[in-house]
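Only one structure is covered here, and it is reproduced in the block below.
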Amino acid sequence: MNNPQEHFKKVISHAKEYGFVFQSSEVYDGLSAVYDYGQNGVELKKNIRDYWWKAMVQMNTNIVGLDAAIFMHPTTWKASGHVDAFNDPLIDNKDSKKRYRADVLVEDYCAKIEQKIEKEAKKGKKRFGEGFDEVEFLATNGRVLGYRKKIDAILKRLGKSLGEEDLADVKALIEELEIADPVSGSRNWTDVKQFNLMFGTKLGASADSAMDLYLRPETAQGIFVNFLNVQKTGRMKIPFGIAQTGKAFRNEIVARQFIFRMREFEQMEMQFFIKPGTQSKWYNHWKQARLKWHLSLGMGESNYRFHNHEKLAHYADSAADIEFKFPFGFKELEGIHSRTDFDLSQHEKYAGKKLQFFDPEENKNYTPYVLETSIGLDRMFLAVFSNSLQEEALENNSSRTVLKIPSVLSPYKAAVLPLVKKDGLPEIAQTILKDLQWDFNVIYDEKDAVGRRYRRQDAIGTPFCVTVDHQTLEDNTVTLRYRDSMEQIRVDKKEISKIINQEVSAKNWLNKL
Ligand code: GAP
């Protein structure tokens, strides 16, 4: 599966075929950029959430959890700046009538130049063979440096014009770069306009007394408005963090690339409250800590990179993304933002209440600064899923489709399979299943030949298959098959749980940090 576009198509179809992700309201022809998670998807999603929660909340004594409501007082969003500034610059093509994010059109243009750089590197590798030093080549090759300079100049100008709200210059940039509508090829563009991404709704029964509300576009504000509640009741001392996972909603203009950009999605966010002036230290700390969390899953160091922001959100004094190599290229997976005291100060101002911390060491009150880590759960799902899906050639000229999901995240940790549906084998398999169920999510399958059952488990990423056969009747041993190597070993029934636990426990995976 070398072709990334083909691979991405396979990811989408596999996700549906094996009960991971369905289009929302499919019977009504679906709802754009809204998805449902099926029986296997819900388990994978939960396991990713748990892996994050374990590392973030349960392994840090100074970080606690929260589950704030999705509905919040509407002034929250005025204070946070979302009413006035949570906009995307949009542009319409007059011929195709298609709507685009102006900044995404420019970024896609830069991604194409990036592809040219990759092509140059490939050519170099082919020409110089074994002795090719890619890092040296990328740092010195004239053509590559030219491309890099062009990308930097474009992104710098885009960042400046967006920062200064100079939308005419964003349009001028699109025209100068001769960017065409990807669908129709037309360059007949409207002016660039700002478009607010929040969904509105109403609270209350009668039209005149109803209150205008927003569906939260990020979970973070629920943490800010609860800062003092948690600090006081939990007797937390700075530095400390509050973490939460939950749904967020954005009326994305360009919703595409499957679950990468959705209108309803889930975030896993942590706000770390710190002493003003220490933000640079904590910014670097959390950048590294979060990268390590990703690397612990073993999905390949070269699939991650940092992207430091030129254009900062209205609340940040520095920000970086951890980007992941999705099938459509490197894209943002997680953000690390130094949010200063912007949010707490704004809520103090709009609510007319102090949101400060009394620092006993300094013997004074201050409004803490905040370091945020924010990752999209659905995006992490896509990263794991697309990276794990592999088509493997086998020795006997056949092939298998296997989801090599990091086993700590696999929907099922083991499948229990009686070799045949008779001779008392299903009964023994059921006893093993019942026993394993206490510790792991396990599945039972007795239909079809065992080879086909192995393939079914490979396709949903189950790391172990436990097969009960006639020898089990004699000596209480079973066959344990490993998903990745397809190796089969004979073990005593009593050993199964220990072996599985060794491979799938979050402790062992996170200990790699
Ligand atoms: N509280 C900060 C915040 O919300 P963000 O960069 O807008 O920052 C954080 O979003 C993360 O949420 C992103 O890195 C991404 O993983 C995820 N995310 C944002 N918009 C999304 C969307 N429309 N669909 C899926 N995930 C999204």
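Computed from a prediction, not measured in an experiment: that's the story for all the values here. Whatever order the structure lists ligands and atoms in, that order sets their numbers, starting from 1.
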Is the shortest distance from a Lys or Arg side-chain nitrogen in Arg483 or Asp458 to a carboxylate oxygen in the other one below 4.0 Å? no
Assess whether a salt bridge exists between Lys78 and Asp84, defined as any Lys/Arg side-chain N lying under 4.0 Å from an Asp/Glu carboxylate O. yes
Report the member of Met380, Met262, Met268 with the shortest heavy-atom distance to atom 24 (N) of ligand 1. Met262
Counting heavy atoms only, which of Phe324, Phe265, Phe381 is nearest atom 18 (N) of ligand 1? Phe265
So, using side chain to side chain donor-acceptor pair (under 3.5 Å) as the criterion, who are the partners of Tyr366 when residues are at least two apart? Asp359
Tell me: protein heavy atom nearest [atom], and distance?
| atom | result |
| --- | --- |
| atom 20 (N) of ligand 1 | Arg250 NH1, 3.3 Å |
| atom 12 (O) of ligand 1 | Gln267 NE2, 3.3 Å |
| atom 15 (C) of ligand 1 | Arg379 NH1, 3.5 Å |
| atom 25 (C) of ligand 1 | Phe260 O, 3.2 Å |
| atom 6 (O) of ligand 1 | Glu332 OE2, 3.2 Å |
| atom 9 (C) of ligand 1 | Ser374 OG, 3.0 Å |
| atom 17 (C) of ligand 1 | Gly376 CA, 3.6 Å |

Below 4.0 Å from any atom of ligand 1, is there a heavy atom belonging to [X]?
| X | value |
| --- | --- |
| Leu333 | yes |
| Arg339 | yes |
| His337 | yes |

Option passing ring pair (Phe, Tyr, Trp, His ring centres under 6.0 Å) with Tyr37 (candidates Phe265, Phe381, Phe20, Phe22): Phe381
Any donor and acceptor pair, going by atom type alone, linking the side chain of [X] with main-chain N or O of [Y] inside 3.5 Å?
| X | Y | value |
| --- | --- | --- |
| Arg379 | Phe260 | yes |
| Arg263 | Glu252 | yes |
| Asp321 | Leu333 | no |
| Trp509 | Glu503 | yes |
| Thr278 | Lys281 | no |
| Asn196 | His82 | yes |

Say whether Lys287 and Asn308, considering side chains only, have a donor N or O and an acceptor N or O under 3.5 Å apart. yes
Measure from NZ or CZ of Arg290 to the centre of the six-membered ring of Trp293 and say whether it is under 6.0 Å with the direction within 45° of the ring axis. yes
Determine whether the side chain, the backbone, both or neither of Glu372 has a heavy atom under 4.0 Å from any heavy atom of ligand 1. side chain
Please work out whether any backbone atom (N, CA, C, O) or any side-chain heavy atom from C-beta onward of His309 is under 4.0 Å from ligand 1, and answer side chain, backbone, both or neither. neither
Decide whether an N or O pair under 3.5 Å exists between [X] and ligand 1.
| X | result |
| --- | --- |
| Arg261 | no |
| Ala220 | no |
| Pro217 | no |

Within ligand 1, which atoms have a heavy atom of [X] less than 4.0 Å away?
| X | value |
| --- | --- |
| Glu218 | 1 (N), 2 (C), 3 (C), 4 (O) |
| Glu334 | 14 (O) |
| Glu269 | 1 (N), 2 (C), 3 (C), 4 (O) |
| Glu252 | 20 (N), 22 (C), 23 (N) |

Could you tell me if the side chain of Ser186 sits less than 4.5 Å from the side chain of Lys94, heavy atoms only? no
